[in-house]
Amino acid sequence: MKKIYILTAVLYSIPLMMYGQGETDALRFSQLDMRGTARYMSMAGAFGALGGDITTLSQNPAGIGVYRSSEIVTTFGFDNFSNNVSATGGKVNSSDFRFAFNNIGAIGTINTGNNSGLVNFNFGFAYNRLKTFNRNYRAKFDNLQTSLTNYIANRTGGIPEQDLILTDNYDPYNSVSWLPVLAYESSLISPLPVGEDGNQQYFGLFNGPNTIGYYPEDPDSKGYADLYVREKGRIDEYSLNLGGNISNKVYFGLGVGIVDIDYTQKTEYIENITNPRYPDKRMAQESGNINLSNYLQTRGTGFNFKLGLIARLTDFWRLGFAFHTPTVYTMRDEYWASVNNSAILEQSNPGEADSPFIPIYRTTPDDHVYYTDYKYNSPWRIMASTAFIIGKKGIVSFDYEYTGYNKMKMSDEDGVALYGDYGYTVNDLIREDFKAGHTFKIGGEYRLTPQLSLRAGYANQLSPVKATILDMNTEVITAGTQPMYNLNRSTQYFTAGAGYRFGQVYIDLAYINKLHKEDVFPYSPTFIGDKADLPSVAKLTGHTNSLMLTLGYKF
């Protein structure tokens with residue numbers, strides 16, 4: 001709890017603390033899917049000590065050295081996304097079905113004719129999809145104990161009231177985030193009398209037991225809310241690799257990756273409340289809705305380097321190792337936000353006695369605001385692998401990946417850490433709230449005939465989020481006008497597949513079931529003194545069922 005009290009002392013006196021990107025944004029772009037060829041996916045990605053697959057260009061680049069011939073390959077298929085969101089208002093299911101294009105690439109092999117030393121030298125290029133963001137879901141919250149408006153009020157404390165007033169001659173975005181400005185202008189928050197310390201505080205619309213809400217079908221229920229989220233986009237990598245084979249014992253590879261991010265998020269958060277607390281000069285409705293809508297688009301391009309080794313210790317035992325540098329991104333965000341408040345009314349023409357009272361609506365100026373470019377460094381990764389080749393019939397392979405999520409970094413376009421002047425930087429929060437990630441994979445293949453093989457695998461990605469964050473013991477600082485965020489709890493993959501070879505052509509088929517669990521927060525908990533405002537949290541369970549087909553040609 002110590003960090004929270006320090007933050008309340010620093011954050012509320014420094015409006016610019018809300019300005020840039022936040023720690024949850026860094027996490028969103030660092031957690032990658034298990035995607036690749038059908039063979040790679042059907043063995044749960046446990047290929048680090050095997051190689052000979054185009055996906056290894058994005059995993060262990062030493063896998064390129066295992067190739068004995070040139071190859072052209074592509075993978076495509078279908079993803080069926082389904083989400084079950086459970087919250088205090090009940091369960092909501094959603095689903096979506098999409099075409100998927102995982103990769104395409106080519107490997108070129110140059111044989112030296114030697115049986116020792118450098119046996120062959122290989123080069124390759126591949127496009128691999130690293131992640132897809134496509135999903136829609138809804139969370140329903142009942143019996144609210146606090147409100148989005150109280151969260152914003154707590155976050156706005158310490159900002160002078162005059163800094164929140166938008167006029168023709170004053171643009172407060174130069175001083176504060178648009179979220180408290182929109183909240184103030186739409187009467188979601190209102191000022192309290194300035195205390196003896198000269199520190200301005202604010203209050204929201206939710207006033208303890210006096211403010212309630214109801215479902216039309218359940219008049220006795222307390223306040224309720226709905227959160228609608230729509231995400232789409234992807235992370236793609238274009239890999240260029242060089243590698244070779246030394247005496248059929250050691251395989252090496254070096255690679256450079258160009259990574260492209262395109263992410264769009266649209267959210268709408270609606271609260272229904274009765275008997276709201278309200279300021280003077282405006283009129284309170286007996287009941288009404290408050291609505292916060294957000295649009296965010298993030299685009300970025302980055303690069304990374306990879307190196308890897310595979311050692312063939314015996315005819316049946318191999319070891320693999322790979323290291324990925326952080327991907328260094330240049331990013332840009334575009335966002336838009338609006339607030340609609342029908343719990344409080346304002347005069348359409350203030351100052352005119354007969355002017356009618358109407359719901360309050362506010363939006364960011366000109367609908368869109370662009371951040372200046374910022375930089376983001378993804379976590380570095382280390383992969384260790386071992387595989388056992390059982391005659392000419394079977395393979396059993398194990399992979400482990402260590403990911404330094406607590407080493408992610410964000411900075412402005414000049415390389416200065418975001419929020420660097422205010423005690424806690426985003427990088428400080430990343431180090432405090434996240435930990436290293438661990439991924440375990442096991443895969444197997446059995447050759448029924450020289451042409452037909454069967455495969456299966458399992459992978460488990462452990463959450464890099466510390467328990468203090470998941471248990472709502474610490475405030476999470478989000479950026480811009482978007483207060484909601486997601487935190488991963490676990491991700492598992494259950495996979496199976498088959499492959500058939502005839503001549504120089506091969507076909508692989510894979511089925512993948514991804515089970516993903518995460519917490520959905522409409523806004524962060526806040527802490528003022530001994531008082532904690534804790535939001536209702538939704539539990540999201542996501543299933544992705546994928547069917548992937550790989551076509552390859554060796555020459």
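Remark: aromatic rings of Y295 and Y335 are distant, center separation not under 6.0 Å. Within the 6.0 Å centre-distance limit, the rings of F97 and F78 are counted as a close aromatic pair. Ring centers of W380 and Y402: under 6.0 Å apart, within the cut-off.
E23 has no carboxylate O lying under 4.0 Å from a charged side-chain N of R431, or vice versa, which leaves the two without a salt bridge. Ion pairing between K466 and D433 fails under the 4.0 Å rule for side-chain N and carboxylate O. D533 has no carboxylate O lying under 4.0 Å from a charged side-chain N of R155, or vice versa, which leaves the two without a salt bridge. At a threshold of 4.0 Å, the pair E518-R135 counts as salt-bridged, since one of the basic side-chain nitrogens sits closer than that to a carboxylate oxygen. Between K140 and D226 there is no salt bridge, since no side-chain nitrogen of the basic residue lies less than 4.0 Å from a carboxylate oxygen of the acidic one. With respect to the salt-bridge test (charged N to carboxylate O, under 4.0 angstrom), the residues D33 and K514 qualify.
A side-chain hydrogen bond (donor to acceptor under 3.5 Å, both in side chains) with N93 is found for one member of T541, N83, N84 and no other, namely N84.
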Tabulate below the donor-acceptor pairs under 3.5 Å that side-chain atoms of residues 409-417 make, not counting sequence neighbours, or state none.
from, atom 1, to, atom 2, distance (Å)
D412, OD1, D414, N, 2.9
D412, OD1, G415, N, 3.0
D412, OD1, V416, N, 2.9

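With hydrogens and angles ignored, the 3.5 Å screen pairs no side-chain donor or acceptor of T330 with any backbone N or O of K375. Using a distance-only test at 3.5 Å, with no hydrogens or angles considered, no donor-acceptor pair links the side chain of S186 to the main chain of I360.
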Item to check | Intermediate values then yes/no, ring pair (Phe, Tyr, Trp, His ring centres under 6.0 Å), Y400 and F440 | outcome: CA-CA 5 Å; Y400 165 73; F440 303 90; 5.3 Å; yes

Checklist entry - Would Y376 and D25 satisfy side chain to side chain donor-acceptor pair (under 3.5 Å), going step by step from the backbone distance to the final call? => result CA-CA 10 Å; Y376 159 58; D25 301 285; over 6 Å; no

Checklist entry - Going through the distances and angles, do N304 and E237 end up as a side chain to side chain donor-acceptor pair (under 3.5 Å)? => result CA-CA 10 Å; N304 59 50; E237 183 174 56; 3.1 Å; yes

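Relative orientation of the F521 and Y485 rings is parallel, given thresholds of 30° and 60° on the angle between their planes. Between F494 and Y458, the ring planes are tilted. Angles from 30° to 60° get that label. Ring pair F305/F303 is perpendicular by interplanar angle, where above 60° counts as perpendicular and below 30° as parallel.
Atom CZ of R234 has more than 12 neighbouring heavy atoms from other residues, nucleotides or ligands inside a 6.0 Å radius. Within a 6.0 Å radius of CZ in R299, other residues, nucleotides and ligands contribute 12 heavy atoms or fewer.
With sequence neighbours excluded, no residue satisfies ring pair (Phe, Tyr, Trp, His ring centres under 6.0 Å) with Y228. By the side chain to side chain contact (heavy atoms under 4.5 Å, CB included) test, N134 pairs with F81, R98, T132, K232, sequence neighbours left out. Applying the side chain to side chain contact (heavy atoms under 4.5 Å, CB included) rule to V194 yields the partners Q200; only residues at least two apart in sequence or on another chain are considered. With sequence neighbours excluded, the residues satisfying side chain to side chain contact (heavy atoms under 4.5 Å, CB included) with S293 are E268, N291, W336, S338.
Between L164 and E185, the closest side-chain pair of non-hydrogen atoms is not below 4.5 Å. Between L205 and N207, the closest side-chain pair of non-hydrogen atoms is not below 4.5 Å. N486 places none of its side-chain heavy atoms less than 4.5 Å from the side chain of T24. Q482 places a side-chain heavy atom less than 4.5 Å from the side chain of Q265.
Between the side chains of S147 and E271, at least one donor N or O lies within less than 3.5 Å of an accepting N or O.
A salt bridge (Lys or Arg N to Asp or Glu O under 4.0 Å) check over residues 535-545, counting only residues at least two apart or in different chains, returns the pairs D519-K539.
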